[in-house]
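Here the structure comes first, spelled out in structure tokens, and everything after it is commentary.
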Protein chains: 2
Amino acid sequence: MLNDRKKKILQTIVEDYIANSQPVGSKRLVENYDLGVSPATIRNEMAELEEMGYLDKPHTSAGRVPSTLGYRVYVDSLMKVDSLKDEEIVYLKQSIEKEIVEVSEIVKHVSKAVSNITDYTVFATGPNVTDAVIQDVKLVLLNKNMLLIVVVTKEEAVKETVIHLEKDLDEDTIEKINEILRIKLVGEYIKNVQVNVLKHIGNELSAYMDILISILNEIMKIIKTNDISLDGSNNMFKHPEFQKYNLAKNFMDVLEAKQLIKEVLKVEDDDINIYIGDENQYSEFKDFSLITFNCPENLGAIGIIGPTRMDYAKVLSVIKYIKGIINSKYRKDGYLDG
Amino acid sequence: MLNDRKKKILQTIVEDYIANSQPVGSKRLVENYDLGVSPATIRNEMAELEEMGYLDKPHTSAGRVPSTLGYRVYVDSLMKVDSLKDEEIVYLKQSIEKEIVEVSEIVKHVSKAVSNITDYTVFATGPNVTDAVIQDVKLVLLNKNMLLIVVVTKEEAVKETVIHLEKDLDEDTIEKINEILRIKLVGEYIKNVQVNVLKHIGNELSAYMDILISILNEIMKIIKTNDISLDGSNNMFKHPEFQKYNLAKNFMDVLEAKQLIKEVLKVEDDDINIYIGDENQYSEFKDFSLITFNCPENLGAIGIIGPTRMDYAKVLSVIKYIKGIINSKYRKDGYLDG
DNA sequence: TTTAGCACTTTGGACGTTCGAGTGCTAATT
DNA sequence: AATTAGCACTCGAACGTCCAAAGTGCTAAA
């Protein structure tokens with residue numbers, strides 16, 4: 001559909017615009033890049049590219065700017081993902097290989113590292129536990145009316161919460177209740193946990209049905225809570241487009257919309273998903289580009305948000321490196337083998 | 001030092017400026033407020049107030065704007081803290097009286113409510129546990145090499161963390177270690193916990209010294225971690241001063257400086273602390289005003305950050321109401337009596 | 001097919017003018 | 001002695017004009 005020269009021109013425009021945030025003109029293009037043709041020829045090509053929808057013009061006498069479609073083509077087929085600088089590799093490696101005990105911590109370190117390297121804003125959620133299998137449930141009586149509920153998954157994610165008891169319970173009773181829960185829950189997929197697993201419990205414990213139900217409800221609640229971490233929100237102000245009040249304001253609204261962020265971080269597969277500007281499903285994101293991916297081994301999901309004029313190649317190279325390093329580290333030493 | 005008329009004028013200027021964010025002129029003042037003198041008189045007074053340092057002038061032909069000192073005098077002696085609107089009272093009450101199990105949750109709800117009512121940005125930390133007394137320490141073996149450490153304070157704050165064990169331990173050993181920790185730690189002020197409490201443990205457990213030390217280190221670590229919550233960061237963009245790029249950028253930098261926020265939230269006493277503009281100790285805050293206070297009953301600390309042109313009276317009335325409601329609720333029903 | 005040349009468009013900065021709001025000062029008034 | 005009317009003055013915001021810079025599209029020549 002696009003001949004080679006058009007591809008080359010489109011690629012160059014996108015890259016120049018990403019680097020300089022100024023609309024790109026024909027003269028600038030021939031002067032700075034080795035295209036082997038005159039500005040006039042470039043102009044003809046650019047006019048066609050614009051007609052085909054790959055470029056936009058802010059106004060008649062300005063240069064061209066990539067359209068969403070232009071970015072899309074660039075990302076899908078023109079972009080070259082180069083490798084990272086040595087110091088970036090060292091930094092990323094060291095961020096990931098910190099001594100970490102709880103799996104949900106890992107993405108947080110990755111998130112911070114990515115925001116530092118890319119200058120964009122990064123958010124992350126921990127492991128998606130609803131897809132996980134329960135390895136153990138522990139009830140711990142903290143004092144006579146506080147009960148700690150701990151759920152451990154096969155992947156060693158740990159979730160815990162505290163509830164207040166209406167009536168005091170002794171250790172023996174707690175242990176009995178715990179045993180019931182173990183029998184009913186261990187080995188189950190968390191997403192399948194429902195109150196009616198309690199249907200067939202013996203008579204001896206039916207007196208504690210109330211407490212059992214409330215514990216089960218808490219378990220269903222905590223596995224759904226998934227804190228998001230946020231890094232580099234001030235990075236955005238390094239990019240010139242955020243001097244525009246409206247864009248800055250919209251960005252703040254995105255930051256505050258935690259629920260929305262959780263929603264976009266529900267990444268299904270192992271791909272790297274790129275949503276450019278108005279490709280975004282949620283209108284709040286339409287001024288931005290969003291790149292999301294799952295960390296391997298179900299460590300969590302990460303989202304990177306930046307202007308549509310985002311350095312896609314850079315971000316992708318960072319992501320690919322991270323996926324690689326996590327794969328080799330955590331798969332190799334069996335850290336997550338349960 | 002200031003005669004009554006000057007006080008009245010200063011107060012009126014501050015309040016008008018807070019309400020309208022426009023420099024206040026003499027004509028505007030007499031037209032909108034019942035001062036009983038002519039603009040000329042006001043001008044003379046304003047000139048003197050400026051000379052005394054209570055007012056600033058953006059430029060020769062602009063009205064006056066309060067200086068830091070002007071706000072200070074206003075806050076200290078001129079301001080009238082009015083009572084809240086009915087709907088605000090209902091909303092606050094309902095936010096605080098939600099069913100809440102873990103004490104550290106309470107401030108988070110309060111924080112969100114305050115940011116909604118005031119249109120400023122609010123951050124909060126949970127109870128300051130270092131000043132608390134340990135009620136219990138529990139070790140729970142999650143699986144053969146994961147150990148959950150739980151610390152409960154007298155005030156019923158719960159902190160927990162997971163560590164990975166180097167060598168596998170059985171339940172009996174864990175129980176022995178737990179017993180040692182109980183003996184050594186229960187009843188202690190958290191701030192006094194040190195590794196050398198382990199000095200005089202019996203021989204039988206000295207084989208487990210390594211694990212004891214690492215547990216103790218974890219305990220000292222977790223009691224120091226204090227997550228901050230943040231609400232209404234996008235509220236700031238409702239205030240006209242934040243259309244200035246520099247102010248917006250500085251504000252983002254404040255948001256990202258979590259360590260700094262923790263620092264300013266170390267509130268010592270039961271007062272409400274107000275730091276206006278360059279009164280702030282940390283330069284990052286010098287463009288803003290900061291109001292901090294401790295929630296009663298050691299529930300946590302809350303900080304409200306806004307422009308120097310902040311509605312101090314409104315914020316203070318909210319804070320006072322909150323302190324009152326927490327006092328009456330949690331003191332009365334003995335929720336925190338442990 | 002490519003390019004040189006040129007007329008045309010638009011933005012943005014520099015500059016000047018005007019207008020409104022506000023000031024400080026002086027002299028008159030209370 | 002305190003207040004106020006009056007007035008000259010100052011400054012910024014808004015507006016228009018002008019011009020340069022950058023870029024375009026089109027035409028005609030190479």
Side-chain angles (χ1 to χ4, degrees), chain A residues 2-10 12-14 16-17 19-67 70 240-241 243-245, chain B residues 2-10 12-17 19-67 70 240-241 243-246:
Chain A
L2 286 175
N3 63 33
D4 282 355
R5 193 169 67 190
K6 280 206 181 60
K7 282 185 189 166
K8 178 74 181 162
I9 290 174
L10 178 56
T12 312
I13 290 176
V14 173
D16 189 87
Y17 185 61
N20 302 107
S21 81
Q22 294 295 328
V24 187
S26 55
K27 192 170 157 233
R28 174 180 178 77
L29 222 44
V30 291
E31 272 172 6
N32 291 283
Y33 304 91
D34 194 24
L35 295 169
V37 288
S38 77
T41 309
I42 301 284
R43 280 204 288 285
N44 290 331
E45 295 285 48
M46 291 203 297
E48 284 183 52
L49 281 167
E50 184 183 346
E51 200 165 342
M52 295 161 95
Y54 298 109
L55 293 178
D56 283 337
K57 221 181 352 186
H59 57 85
T60 337
S61 77
R64 300 306 209 291
V65 154
S67 66
E241 33 269 272
Q243 300 198 12
K244 288 241 189 305
Y245 172 73
Chain B
L2 287 175
N3 62 33
D4 281 357
R5 193 169 66 190
K6 281 205 180 60
K7 283 185 187 166
K8 178 75 180 160
I9 291 174
L10 178 56
T12 312
I13 289 175
V14 173
E15 284 170 358
D16 188 89
Y17 185 62
N20 302 108
S21 81
Q22 294 295 328
V24 187
S26 55
K27 191 169 159 234
R28 175 180 177 79
L29 222 44
V30 292
E31 273 174 6
N32 291 283
Y33 305 91
D34 193 24
L35 295 169
V37 288
S38 77
T41 310
I42 302 283
R43 279 203 290 282
N44 291 330
E45 294 284 49
M46 289 203 299
E48 284 182 53
L49 281 167
E50 184 182 345
E51 200 166 343
M52 296 162 94
Y54 299 108
L55 294 177
D56 283 336
K57 220 179 358 183
H59 57 86
T60 335
S61 77
R64 299 306 207 290
V65 155
S67 66
E241 33 270 271
Q243 300 198 12
K244 289 240 189 304
Y245 172 72
N246 261 331

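Side chains included, hydrogens not; waters and symmetry mates left out as well; all remaining heavy atoms used.
- When each of B/G36 and B/P58 is assigned the nucleotide of DNA chain D bearing its nearest heavy atom, the one mapping closer to the 5' terminus is B/G36.
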Inset, instruction - Decide side-chain contact (heavy atoms from CB on, under 4.5 Å) for B/K8 and B/D4; before the verdict, give the C-alpha distance in whole Å, the side-chain angles of both, and the deciding distance to 0.1 Å. - result: CA-CA 6 Å; B/K8 178 75 180 160; B/D4 281 357; over 6 Å; no

Set out, line by line, the N/O atom pairs under 3.5 Å between protein and nucleotides 12-17 of chain C.
none

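- Nucleotide D/dG12 holds its P atom 15 Å from the CD atom of B/Q22, rounded to whole Å.
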Write down the protein N/O and nucleotide N/O pairs, taken from nucleotides 28-30 of chain C, whose separation is under 3.5 Å; answer none if there are no such pairs.
none

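- Scanning for side-chain hydrogen bond (donor to acceptor under 3.5 Å, both in side chains) contacts around A/Y33 gives A/D16, with sequence neighbours left out.
- Considering only residues two or more places apart in sequence or on other chains, B/N32 meets the side chain to side chain contact (heavy atoms under 4.5 Å, CB included) condition with B/R28.
- Between the CG atom of A/D56 and the C1' atom of D/dG23 there is a distance of 16 Å, given to the nearest Å.
- Computed from coordinates, the A/E48 CD to C/dT2 P distance equals 11 Å when rounded to whole Å.
- Taking atom CG of B/N3 as the reference point, atom C1' of D/dA2 lies 12 Å away to the nearest angstrom.
- Checked against side-chain hydrogen bond (donor to acceptor under 3.5 Å, both in side chains), B/E241 has the following partners two or more places apart in sequence or in another chain: B/R309.
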Side-chain donor-acceptor pairs under 3.5 Å in residues 54-66 of chain B, sequence neighbours left out?
from	atom 1	to	atom 2	distance (Å)
B/H59	ND1	B/S61	N	3.3
B/R64	NE	B/E50	OE1	2.8
B/R64	NH2	B/E50	OE1	2.8

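- Nearest heavy-atom pair across A/V37 and A/V30 is O-CG1, 3.2 Å.
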Legend entry - Summary of protein contacts for nucleotides 18-25 of chain C, nucleotide by nucleotide, where a base hit scores B, a sugar-phosphate-only hit scores S (4.0 Å, heavy atoms): ---BSBB-

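- Residue pairs meeting the salt bridge (Lys or Arg N to Asp or Glu O under 4.0 Å) criterion with at least one member in residues 33-45 of chain B, sequence neighbours excluded: B/R5-B/E45, B/K6-B/E45.
- The two residues B/S21 and B/P240 have their closest heavy-atom pair at OG-CG, 3.4 Å.
- Distance CD (A/E45) to C1' (D/dG23): 17 Å, rounded to an integer number of Å.
- Not counting sequence neighbours, B/Q22 has no partner by the side-chain hydrogen bond (donor to acceptor under 3.5 Å, both in side chains) test.
- Separating the OG1 atom in A/T12 from the CG atom in A/L35 is a distance of 5.0 Å, to the nearest 0.5 Å.
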Inset, instruction - Sugar-phosphate means primed atoms, P, OP1 and OP2; the rest is base. With that split, encode nucleotides 13-19 of chain D 5' to 3' as B, S or - using protein heavy atoms under 4.0 Å. - result: -------

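- Note: CG (A/L55) to P (D/dG23) measures 15 Å, nearest angstrom.
- Side chains of B/L49 and B/L2 form a contact here, defined as non-hydrogen atoms less than 4.5 Å apart.
- A/K27 is linked by a salt bridge (Lys or Arg N to Asp or Glu O under 4.0 Å) to A/E31, counting only residues two or more places apart in sequence or in another chain.
- Qualifying side-chain hydrogen bond (donor to acceptor under 3.5 Å, both in side chains) partners for A/S38, counting only residues two or more places apart in sequence or in other chains: A/T41.
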